[in-house]
Number of protein chains: 2
Amino acid sequence: MPVTIKDIAKQARVSHSTVSRALHGSSLISDLTAERIRQTARELGYLPSAAARTLKTNHSQALGVLIRKVDDPFFGDILQGIEEVAQASGYSLFMAASQHTPEREQAILQAMVERRVEGIIICSTPVSLDQSRQLARFGVPIVYINNQAAEEYRYSIYHDDVDGSRQVTRHLIGLGHRRIGYLGNSTAGRSTLDRLSGFQQELKASGLSIPETYIHQVPGGGPDEGLSGLSHFLDLPERPTALICYNDMLAIGVLKGLKQAGIRVPQELSVTGFDNILFSAYTNPPLTTFDQPKQYIGAEAARLVLGLLKADSLGNAPCEPEIRRLRGKLLVRDTTAAPAL
Amino acid sequence: MPVTIKDIAKQARVSHSTVSRALHGSSLISDLTAERIRQTARELGYLPSAAARTLKTNHSQALGVLIRKVDDPFFGDILQGIEEVAQASGYSLFMAASQHTPEREQAILQAMVERRVEGIIICSTPVSLDQSRQLARFGVPIVYINNQAAEEYRYSIYHDDVDGSRQVTRHLIGLGHRRIGYLGNSTAGRSTLDRLSGFQQELKASGLSIPETYIHQVPGGGPDEGLSGLSHFLDLPERPTALICYNDMLAIGVLKGLKQAGIRVPQELSVTGFDNILFSAYTNPPLTTFDQPKQYIGAEAARLVLGLLKADSLGNAPCEPEIRRLRGKLLVRDTTAAPAL
DNA sequence: GATATTCATGCACACGTGTGCATCCTTCTC
DNA sequence: GAGAAGGATGCACACGTGTGCATGAATATC
């Protein structure tokens with residue numbers, strides 16, 4: 001139904017090869033006919049078939065993006081970064097969400113390979129290693145973002161959570177806190193471990209030690225889990241004076257719980273988040289958090305994939321594994337202060 | 001490079017046509033050979049080329065989704081709904097963001113047509129009418145979500161903002177408010193007009209009238225604009241006792257501003273939002289808002305497109321225009337109360 | 001046992017695009 | 001003016017898949 005180069009050829013009384021060349025600006029075609037052909041193409045409203053081109057050139061100009069859940073505000077920024085770079089390079093994005101179910105994930109990756117995407121970016125979702133190997137067999141380069149066990153994959157981009165967590169902890173210690181709690185998300189894999197580890201490293205570096213009960217994990221990373229996680233700390237005989245949350249969403253839940261309990265922030269308890277999602281600036285009081293450069297991480301991931309493709313098309317040997325660790329910065333707002341005496 | 005049906009054919013010592021038929025479960029092929037072929041296909045790790053299939057069958061099994069900005073939390077939910085339905089029907093999604101620039105939008109839509117997506121869903125972005133007509137020429141069905149001038153398009157899904165706004169207004173009037181302000185987003189098109197209109201209709205129905213200065217529009221729908229919009233109302237000689245905000249993000253900015261100004265919510269001023277984004281439940285105090293069924297809207301849009309495709313493939317006449325208006329419900333939280341006497 | 005019928009498979013073309021090679025025409029060179 | 005050189009264009013095949021039609025084999029019918 002749509003217009004093809006054959007239609008243009010007929011209209012312009014040339015062969016379809018000439019049309020193809022003219023539209024690509026080949027120097028083989030005289031300027032006169034080339035312009036005439038382009039004109040008719042415009043008149044007929046011609047748009048080339050990506051399918052045919054992909055089939056012929058083995059080049060789909062598309063990337064696949066696999067995320068865990070679309071409505072997580074964290075991914076919004078990452079996607080934004082990916083999109084920006086991809087669009088600038090003329091690549092389209094296939095996007096799908098695994099919704100935490102391995103079968104879906106399997107189906108999505110398969111669909112992407114069938115579409116012959118040239119690269120895949122996998123966000124924070126725990127792809128099994130043999131599945132990852134299976135993908136590698138198709139020769140599709142894969143870049144992992146903030147993945148668990150990022151180091152085990154050839155190409156990953158991730159945020160230096162250890163460093164970030166150390167900075168947050170140092171900030172609190174600097175304010176004079178000695179009893180600091182950590183509220184983690186047990187379902188988060190690497191990132192919660194890294195953040196916990198940074199926390200512990202910084203404590204040790206400062207010669208501090210805390211009771212076991214000051215480390216508590218909840219099964220999730222939403223406000224509701226923050227709310228329930230808070231009660232653990234409130235029930236302790238000796239409460240911490242500061243609470244480090246795995247992410248902003250947990251912290252937001254914590255703030256809500258503290259409000260309900262009538263505990264003042266930061267006077268009675270300091271609270272920190274992590275990620276710097278949009279809303280962390282609008283909590284009450286505004287949340288002290290760690291600004292993970294989300295958009296930049298997405299952009300870097302896209303650049304990395306595109307770089308791999310370029311190297312590939314130049315016939316270069318596959319790049320050596322590249323694992324890039326990006327750093328963010330501490331954002332001190334109003335939920336942290338020196339502890340009460 | 002990837003395995004093709006020819007490779008399977010060679011391996012199984014049959015023709016490629018037989019392979020094609022066997023993999024489709026055609027009754028023409030004997031069960032024995034069919035099973036043998038499927039087995040070799042599995043062994044070789046065969047995945048069909050979507051490009052070739054699309055070219056041959058004129059059927060891409062893909063939808064395009066055009067949104068304004070990826071990192072808007074509002075779209076997250078809509079996308080989620082679309083994705084769910086599309087995935088269940090075996091469709092993949094091409095997604096791109098226009099970032100408010102018409103050139104990008106043009107480029108994106110063109111890319112989608114080149115990819116021969118079977119349908120397009122356009123979210124809240126003001127596509128010009130002639131561009132929309134141009135798309136129609138390609139025979140790609142388009143569904144608009146919450147678009148400006150939704151009624152002008154053949155197929156749209158949108159939220160009944162007039163009704164929602166009336167419910168919000170009625171709630172405030174019921175609490176005893178007589179001086180109610182409306183803070184709009186002048187860049188939002190239809191939706192802000194509808195919400196304003198619902199506000200005014202409900203006032204009139206209750207025999208109330210308000211000064212002109214109680215209606216104020218700001219150029220944007222983020223927290224920052226809410227902050228600046230608030231100052232307009234605070235500077236009025238006689239302040240309203242309640243403020244209806246165009247959306248939750250504005251309301252969140254307003255709450256922050258009120259906190260800074262030391263004005264208590266809801267005792268001194270009631271505030272309402274609109275949309276019920278995730279974070280509206282975690283403001284302080286929790287925001288009274290209108291719950292727009294975002295995910296459902298996305299799902300309905302996807303169902304509508306798929307329905308159009310089905311009708312099309314059955315050779316039915318193109319469906320009559322369908323414009324579906326969905327309703328949400330008021331969510332009373334803690335930012336609204338009876339006005340001080 | 002000859003013919004008709006059913007069943008299983010292969011041949012060949014099509015989808016829309018890109019490209020090596022051959023062909024034809026023009027112009028230049030001596 | 002004959003031949004060489006170069007410029008412009010068409011022919012034909014390829015990419016991977018799907019399908020109408022012909023072919024051949026096996027079975028059924030009388």
Side-chain angles (χ1 to χ4, degrees), chain A residues 1-38 40-41 44-62 110-111 113-118 138-139 313, chain B residues 1-38 40-41 44-62 110-111 113-118 138-139 313:
Chain A
M1 198 59 184
V3 181
T4 75
I5 53 171
K6 291 186 185 173
D7 299 325
I8 302 175
K10 200 179 295 177
Q11 180 92 6
R13 297 163 192 276
V14 291
S15 75
H16 81 274
S17 338
T18 305
V19 176
S20 173
R21 291 196 176 96
L23 295 180
H24 284 297
S26 160
S27 61
L28 286 176
I29 307 297
S30 76
D31 292 352
L32 201 70
T33 38
E35 185 45 49
R36 185 165 52 96
I37 288 172
R38 278 193 288 267
T40 35
L44 296 180
Y46 168 74
L47 287 180
S49 155
R53 179 176 289 161
T54 298
L55 180 58
K56 185 62 191 174
T57 63
N58 207 10
H59 212 65
S60 66
Q61 292 275 90
Q110 182 174 324
V113 176
E114 292 189 1
R115 291 221 137 74
R116 302 294 189 258
V117 295
E118 299 183 39
F138 287 101
S313 72
Chain B
M1 196 61 183
V3 180
T4 75
I5 53 172
K6 290 186 185 173
D7 299 326
I8 302 174
K10 201 179 294 178
Q11 179 91 6
R13 295 163 194 277
V14 291
S15 75
H16 81 275
S17 337
T18 303
V19 176
S20 173
R21 292 197 176 97
L23 295 180
H24 282 298
S26 161
S27 61
L28 286 176
I29 307 298
S30 75
D31 293 352
L32 201 70
T33 37
E35 186 44 49
R36 183 166 52 98
I37 288 172
R38 276 192 289 267
T40 33
L44 297 180
Y46 169 73
L47 287 180
S49 155
R53 180 176 288 162
T54 297
L55 181 57
K56 184 62 189 173
T57 64
N58 209 8
H59 213 64
S60 67
Q61 291 276 90
Q110 182 174 323
V113 176
E114 292 188 1
R115 290 220 138 74
R116 302 293 188 261
V117 295
E118 299 183 39
F138 287 101
S313 72

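Order of the sequence lines fixes the chain letters, A, B, ..., with proteins taken first and strands second; residue numbering starts at 1 for each chain.
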Practice task
Respond yes when some side-chain nitrogen or oxygen of B:Ser30 is under 4.0 Å from OP1 or OP2 of C:dT9, and no when none is.
Solution key: yes
Problem - Separation between CZ of B:Arg116 and CG of B:Leu55, rounded to the nearest 0.5 Å - result: 10.0 Å
Fill in the blank from the handout: Separation of C:dT9 atom P from B:Arg36 atom CZ, nearest Å, is 8 Å
Handout entry: A:Arg53 vs C:dG18: side-chain N/O to OP1/OP2 distance below 4.0 Å
Key = yes
Practice task
Select one nucleotide: of C:dT9, C:dT17, D:dT17, the one nearest the side-chain heavy atoms of B:Lys56.
Solution key: D:dT17
Handout entry: OP1 or OP2 of C:dG18 under 4.0 Å from side-chain N/O of A:Thr57
Key = no
Practice task
Select base, sugar-phosphate, or nothing to describe what A:Ser49 touches, counting heavy atoms under 4.0 Å on all strands.
Solution key: sugar-phosphate
Problem - Between C1' of D:dG16 and CG of B:Leu23, the distance in whole Å - result: 13 Å
Practice task
Please figure out whether A:Pro2 or A:Thr18 has its closest DNA chain C nucleotide nearer the 5' end.
Solution key: A:Pro2
Practice task
May I ask you to verify if any side-chain N or O of A:Thr4 is less than 4.0 angstrom from the OP1 or OP2 atom of C:dG16?
Solution key: no
Exercise for the section: Could you work out which one of D:dG16, D:dC11, C:dG10 sits closest to the side chain of B:Ser17? Expected result: C:dG10
Practice task
Determine, step by step, whether A:Tyr46 and A:Leu23 satisfy the side chain to side chain contact (heavy atoms under 4.5 Å, CB included) criterion, reporting the C-alpha distance in whole Å, the side-chain angles of both residues, the deciding distance to 0.1 Å, and the verdict.
Solution key: CA-CA 11 Å; A:Tyr46 168 74; A:Leu23 295 180; 3.6 Å; yes
Handout entry: Distance-minimising heavy-atom pair for B:Ala50 and A:Arg115
Key = CB-CA, 3.8 Å
Handout entry: Contact under 4.0 Å: B:His16 side-chain N or O vs C:dG10 OP1/OP2
Key = no
Fill in the blank from the handout: DNA chain D nearest-nucleotide lookup for B:Arg21 and B:Leu47: closer to the 5′ end is B:Leu47
Exercise for the section: Find the distance A:His24:NE2 to C:dG20:P and express it as a whole number of Å. Expected result: 13 Å
Handout entry: Distance, rounded to the nearest Å, where A:Asn58 contributes CG and C:dT19 contributes P
Key = 13 Å
Exercise for the section: Go through the side-chain N and O atoms of B:Ser17 and B:Ser20 and say whether any donor and acceptor fall under 3.5 Å apart. Expected result: no
Problem - Test applied, side chain to side chain contact (heavy atoms under 4.5 Å, CB included); reference residue, B:Thr40; option that passes from B:Val3, B:Val14, B:Ile8 - result: B:Ile8
Exercise for the section: For B:Asp31 and C:dT9, give me the distance from atom CG to atom P, rounded to whole Å. Expected result: 10 Å
Problem - Rounded interatomic separation in angstrom, taking CG from B:Leu28 and C1' from C:dA8 - result: 8 Å
Problem - Side-chain N,O (A:Thr33) to OP1/OP2 (D:dT9) below 4.0 Å - result: yes
Handout entry: Contact under 4.0 Å: A:Ser20 side-chain N or O vs C:dG18 OP1/OP2
Key = yes
